[in-house]
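The model shown is predicted, which means the values in this text are computed figures rather than measured ones.
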Amino acid sequence: MTNRNPSSRLSTEELDALQGSVALAPEDASPYAVDTWFKYRNAYLVTVIGFYVVKLLFFTDETVSHFAILPADKADLILYIRLRALGMVVFTGFYVWSYLTNWKFEKVALTFAIVSGTLCVMDYFNAYIYLHEQAWPLVSWLLGFRLLAVICLGLNATNAARAPLMPRSIWK
């Protein structure tokens, strides 16, 4: 450290205070600004999405049996359910890729939060209104898990600037 005035010296306490000062570093660069709940929300999202994808792709007939539909509409509902599951896989892959590479993650997270809320409402009008009354208790729990996933996506979107620092990993 070169000084123009050699007689001015900092004490160790002053140097430590300056190095630990929040005002010297931007808030986003501070490790304390990282949202520590990101990994837990992402783990919950992956669990819910994995459950829904397995349920919709591999147990489609069981899922369709909860609906009070005409036999002619059964094929259309099966196609709708399978396309929704495949769409979830594609969109989740893009979300994870955007998160890991930090490619416009703030915008992607906000878009996914809005789209997932819209799709939840859309599923209500396209599918949930045709449920048997006996299926409502189970589907209410599943819908609650799904709404909690939408909330997690919204929290990820609002805290996207505080996401873990690069390089990111799914497993850390």
Side-chain angles (χ1 to χ4, degrees), residues 33-172:
V34 172
D35 183 6
T36 56
W37 289 94
F38 241 87
K39 60 183 173 182
Y40 301 113
R41 287 193 303 265
N42 285 342
Y44 177 76
L45 288 171
V46 167
T47 303
V48 168
I49 290 169
F51 171 77
Y52 270 100
V53 166
V54 168
K55 180 180 179 291
L56 297 179
L57 281 181
F58 300 114
F59 300 102
T60 309
D61 292 331
E62 175 65 28
T63 303
V64 171
S65 70
H66 295 298
F67 292 94
I69 57 172
L70 298 173
D73 295 334
K74 185 176 181 180
D76 291 336
L77 184 60
I78 288 174
L79 178 65
Y80 175 78
I81 287 173
R82 288 186 178 158
L83 287 176
R84 287 301 309 268
L86 291 174
M88 269 198 286
V89 169
V90 170
F91 291 133
T92 301
F94 181 70
Y95 184 85
V96 169
W97 175 81
S98 172
Y99 171 73
L100 292 177
T101 61
N102 202 24
W103 182 81
K104 300 182 182 184
F105 181 65
E106 293 87 2
K107 293 178 183 177
V108 170
L110 180 62
T111 303
F112 273 63
I114 292 169
V115 167
S116 65
T118 304
L119 289 176
C120 196
V121 171
M122 188 178 86
D123 278 348
Y124 175 77
F125 289 111
N126 287 331
Y128 292 143
I129 59 172
Y130 297 112
L131 283 173
H132 289 292
E133 287 184 24
Q134 301 93 321
W136 267 110
L138 172 67
V139 173
S140 297
W141 280 102
L142 296 176
L143 190 58
F145 291 136
R146 188 170 173 191
L147 289 175
L148 188 59
V150 171
I151 291 170
C152 285
L153 283 170
L155 287 172
N156 280 357
T158 57
N159 294 325
R162 296 178 46 209
L165 304 174
M166 297 297 291
R168 294 180 183 156
S169 170
I170 296 177
W171 312 117
K172 281 201 263 179

**Item:** Stepwise side-chain contact (heavy atoms from CB on, under 4.5 Å) check, Leu153 with Ile114
**Value:** CA-CA 9 Å; Leu153 283 170; Ile114 292 169; over 6 Å; no
**Message:** Run the side-chain contact (heavy atoms from CB on, under 4.5 Å) test on Leu143 and Cys120 for me, step by step, so that the C-alpha distance in whole Å, both residues' side-chain angles and the decisive distance to 0.1 Å come before the verdict.
**Reply:** CA-CA 9 Å; Leu143 190 58; Cys120 196; 3.8 Å; yes
**Request:** Start with the C-alpha distance between Arg146 and Val139, add both sets of side-chain angles, then the distance that settles side-chain contact (heavy atoms from CB on, under 4.5 Å), and finish with yes or no.
**Result:** CA-CA 10 Å; Arg146 188 170 173 191; Val139 173; over 6 Å; no
**Request:** Would you sort out whether Tyr44 and Phe145 count as a side-chain contact (heavy atoms from CB on, under 4.5 Å), showing the intermediate values?
**Result:** CA-CA 10 Å; Tyr44 177 76; Phe145 291 136; 3.6 Å; yes
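Residues Leu86 and Leu57 have side chains in contact (heavy-atom distance under 4.5 Å, counting atoms from C-beta outward). A 4.5 Å side-chain heavy-atom check between Arg162 and Val34 finds every atom pair outside the cut-off. Considering only heavy atoms from C-beta on, Thr60 stays 4.5 Å or farther from Lys55 through its side chain.
With sequence neighbours excluded, no residue forms a ring-ring contact (aromatic ring centres under 6.0 Å, His included) with Phe125. For Thr92, the side chain to side chain contact (heavy atoms under 4.5 Å, CB included) partners two or more places apart in sequence, or in a different chain, are Ile49, Val96. Applying the side chain to side chain contact (heavy atoms under 4.5 Å, CB included) test to Lys107 and every residue at least two apart in sequence or in another chain returns nothing. Annotation: ring-ring contact (aromatic ring centres under 6.0 Å, His included) contacts of Phe105 (sequence neighbours excluded): Tyr95, Tyr99. Applying the ring-ring contact (aromatic ring centres under 6.0 Å, His included) rule to Trp37 yields the partners Tyr40; only residues at least two apart in sequence or on another chain are considered.
Note that CD of Glu106 and OG1 of Thr158 are 11.5 Å apart. Values are rounded to the nearest 0.5 Å. Here the CG atom belonging to Asn156 is positioned 4.5 Å from the CZ atom belonging to Arg41, to the nearest 0.5 angstrom. Between Ser65 atom OG and Phe59 atom CZ the span is 12.0 Å, to the nearest 0.5 Å.
Using cut-offs of 30° and 60° for the angle between ring planes, the Trp103 and Trp97 rings count as tilted.
Nearest heavy atoms, Ala157 versus Ala113: CB-CB, 4.3 Å. Taking each heavy atom of Val48 and Ala149 in turn, the nearest pair found is CG1-CB, 4.2 Å. In plain terms, the two heavy atoms of Leu56 and Arg82 that are nearest each other are O-CG, 4.3 Å.
For Phe94, the CZ atom counts as densely surrounded, since its 6.0 Å shell holds more than 12 non-hydrogen atoms of other residues, nucleotides or ligands. Within a 6.0 Å radius of OH in Tyr130, other residues, nucleotides and ligands contribute 12 heavy atoms or fewer.
Side-chain atoms of Ser98 do not come within 3.5 Å of backbone N or O of Val108 as any donor-acceptor pair. Distance alone, capped at 3.5 Å, is enough to place a donor-acceptor pair between the His132 side chain and the Phe67 backbone. Using a distance-only test at 3.5 Å, with no hydrogens or angles considered, a donor-acceptor pair links the side chain of Tyr52 to the main chain of Leu142.
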Distance-only check: which donor-acceptor pairs under 3.5 Å involve side-chain atoms of residues 70-81, not counting sequence neighbours?
unit_1, atom_1, unit_2, atom_2, d
Tyr80, OH, Arg84, NH1, 3.4
Tyr80, OH, Asp123, OD1, 2.4

